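A short write-up of the structure that comes next.
No experiment lies behind these values; they were computed from the predicted model shown. All residue numbers in this chain count up from 1 along the given sequence. Scope of the values below: all heavy atoms of this structure, side chains included, with no hydrogens, waters or symmetry mates.
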Amino acid sequence: MRWFKYMERQFAEQLANYGNLRIRRLSYYEDIESHGAAIGDPEENKITLYSHAHAKTGAELNDFEREGFVTFANEEEAQRAMFFNVQFERKFVGRPSYAFCATQVQSEDIRQKFNDENKLSRKPEYDACVEIVDHISFVNALKKHMNEASLKYYGHGNCFYREKKVRWNQWNPNVDQCPAFLKALKYKWQGEVRILFESIEVDPNEFIDLNAPELIPLCRLHLY
C-alpha cells in the first residue's frame, strides 16, 4: 500500500534523497495556534471519559465519580450530599508518545486544505509530497532505527474518526482502539495513517532525528 506525506520541499528532499527524518512527540501537535486547525489538535492522543449525575446522593455515586473527584468523611456524610446535573470528566491519555503521520490519498484538495491552515497560522506551504511506495518496508526500516534511538514500536494503521467523549463504563483501555489512532470527525478529510512508538526513556526528547538510508528507495518525491 502507498502512503503520502505532504511536507515543505526542504524536508521532503531530505527524506526522499537522503533518508533524513524528524519524528516528534504527539504532544507537540496539541498547540493549535502554532500549527493551525489541520495539524494542531488539543485532544491529540486523548479521549474524555465522562459520567453524568442527574440527581444522586454521594452514596449513589459510581466508582468513576468517586475516584479523584469527591471524598466523604463517612457514609452519613455521603448520604447527605446531593449532586444535581453534575458532569464528571477525566482525560485518558494513550501510551504511544511519538508518531510518524501520513495519509492514504494523494490529492490536491487535501494539500490545499493543509495549506489554507498553514497560511492562517503563518506557516510555509506544503510544496512537496513524499510518496511511500511500500508502507510495510517503510515501517520495518523505521522500527530498526527507532529502537536504536530508545523508542519501541507500538503499531501502525489507519486513524479512526469518531466522537472523543465516551461514557466511562463504555471504554476499556485494554480492548478499545488506542487514543493515538482516534481523531475527531472534523479531521476525517485527511485519511490519516500513523506509525506509533513508545519511549523507553523516563524523560524522552521532544523529537528524534534519524538518518535511515533504507528509506530512500521507498520514497518518491513529488514537487508542486
Side-chain angles (χ1 to χ4, degrees), residues 1-31 34-36 38-41 44-45 96-119 121-159 180-181 187 190-201 203-224:
M1 181 182 295
R2 297 183 302 162
W3 287 356
F4 303 90
K5 186 166 181 65
Y6 300 94
M7 308 172 74
E8 294 175 47
R9 178 173 179 167
Q10 59 175 322
F11 302 124
E13 289 178 337
Q14 284 293 314
L15 173 56
N17 297 334
Y18 304 103
N20 294 331
L21 177 64
R22 172 170 288 184
I23 295 182
R24 293 187 178 274
R25 295 178 68 181
L26 280 166
S27 57
Y28 172 79
Y29 301 103
E30 293 176 7
D31 186 351
S34 297
H35 302 299
I39 300 298
D41 181 1
E44 185 63 76
N45 199 22
S97 51
Y98 292 81
F100 173 86
C101 305
T103 180
Q104 302 176 73
V105 182
Q106 186 178 26
S107 162
E108 181 60 23
D109 286 343
I110 290 178
R111 189 176 76 92
Q112 190 58 56
K113 285 183 179 180
F114 277 126
N115 283 339
D116 289 344
E117 288 299 331
N118 285 351
K119 184 176 181 180
S121 56
R122 299 181 178 179
K123 292 178 56 181
E125 70 170 335
Y126 291 160
D127 51 359
C129 173
V130 174
E131 177 185 352
I132 299 166
V133 299
D134 178 353
H135 82 282
I136 294 297
S137 296
F138 191 91
V139 169
N140 288 334
L142 273 191
K143 284 168 66 174
K144 171 190 170 185
H145 285 271
M146 294 296 271
N147 188 62
E148 293 170 354
S150 297
L151 293 178
K152 181 173 62 174
Y153 171 73
Y154 179 87
H156 73 274
N158 300 348
C159 285
F181 282 117
Y187 297 101
Q190 297 177 7
E192 188 175 347
V193 289
R194 290 182 164 184
I195 310 171
L196 301 176
F197 298 89
E198 295 180 87
S199 177
I200 300 172
E201 303 290 340
D203 187 18
N205 296 322
E206 286 301 311
F207 58 83
I208 302 293
D209 283 333
L210 301 176
N211 174 247
E214 304 97 310
L215 300 180
I216 298 172
L218 303 174
C219 295
R220 185 177 299 152
L221 181 64
H222 299 271
L223 302 177
Y224 301 97

Are side-chain heavy atoms of [X] and [Y] found at a separation under 4.5 Å?
X: K113; Y: E117; result: no
X: N20; Y: D209; result: no
X: K119; Y: E125; result: no
X: D41; Y: E30; result: no
X: T103; Y: W3; result: no
X: F11; Y: Y126; result: no
X: I132; Y: F4; result: no
X: L15; Y: M7; result: yes

Can you tell me how far apart [atom1] ([X]) and [atom2] ([Y]) are? Round to the nearest 0.5 Å.
X: C129; Y: H222; atom1: SG; atom2: NE2; answer: 6.0 Å
X: S97; Y: E198; atom1: OG; atom2: CD; answer: 7.0 Å
X: L196; Y: L26; atom1: CG; atom2: CG; answer: 6.5 Å
X: D127; Y: R9; atom1: CG; atom2: CZ; answer: 7.0 Å
X: N17; Y: L215; atom1: CG; atom2: CG; answer: 12.5 Å
X: N118; Y: Q112; atom1: CG; atom2: CD; answer: 10.0 Å

Is the NZ or CZ atom of K5 both under 6.0 Å from the centre of the six-membered ring of F100 and within 45° of that ring's axis? yes
Provide the closest heavy-atom pair for [X] versus [Y] in the form atom of the first, atom of the second, distance.
X: Y98; Y: S199; value: CE1-CB, 4.0 Å
X: Y29; Y: H35; value: CA-CD2, 3.9 Å
X: L221; Y: A16; value: CB-CB, 3.9 Å
X: P213; Y: P217; value: O-CD, 3.6 Å
X: L223; Y: A128; value: CD2-CB, 3.8 Å

Could you pull out all residues at least two apart from [X] that satisfy side-chain hydrogen bond (donor to acceptor under 3.5 Å, both in side chains)?
X: R2; answer: E131
X: D31; answer: S34
X: H156; answer: Y153

Distance-only criterion, 3.5 Å: show the donor-acceptor pairs between side-chain atoms of residues 135-144 and protein atoms not counting sequence neighbours.
from : atom 1 : to   : atom 2 : distance (Å)
H135 : ND1    : M1   : O      : 3.2
S137 : OG     : D134 : OD2    : 2.7
N140 : ND2    : I136 : O      : 3.4
K144 : NZ     : E214 : OE2    : 3.2

Derivation of the side-chain contact (heavy atoms from CB on, under 4.5 Å) call for Y6 and F114: CA-CA 9 Å; Y6 300 94; F114 277 126; 4.0 Å; yes
For Y28, does its backbone N or O pair with a side-chain atom of E206 as donor and acceptor, under 3.5 Å?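 Answer holds: no.
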Got a donor-acceptor contact below 3.5 angstrom from the Y18 side chain to the A212 backbone?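 No, because the side chain of Y18 does not come within donor-acceptor range (under 3.5 Å) of the backbone of A212.
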Candidate pair L21 and Q14, rule side-chain contact (heavy atoms from CB on, under 4.5 Å), full reasoning: CA-CA 7 Å; L21 177 64; Q14 284 293 314; over 6 Å; no
Quick one: list whatever passes ring-ring contact (aromatic ring centres under 6.0 Å, His included) with F181, sequence neighbours left out.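 Applying ring-ring contact (aromatic ring centres under 6.0 Å, His included) to F181 gives none.
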F207: which residues meet the ring-ring contact (aromatic ring centres under 6.0 Å, His included) condition with it, sequence neighbours left out?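 So F207 forms no ring-ring contact (aromatic ring centres under 6.0 Å, His included) with any residue.
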E44 and salt bridge (Lys or Arg N to Asp or Glu O under 4.0 Å): which partner among R25, R194, R24? R194
Can you check side-chain contact (heavy atoms from CB on, under 4.5 Å) on E192 and N158, steps first, answer last? CA-CA 6 Å; E192 188 175 347; N158 300 348; over 6 Å; no
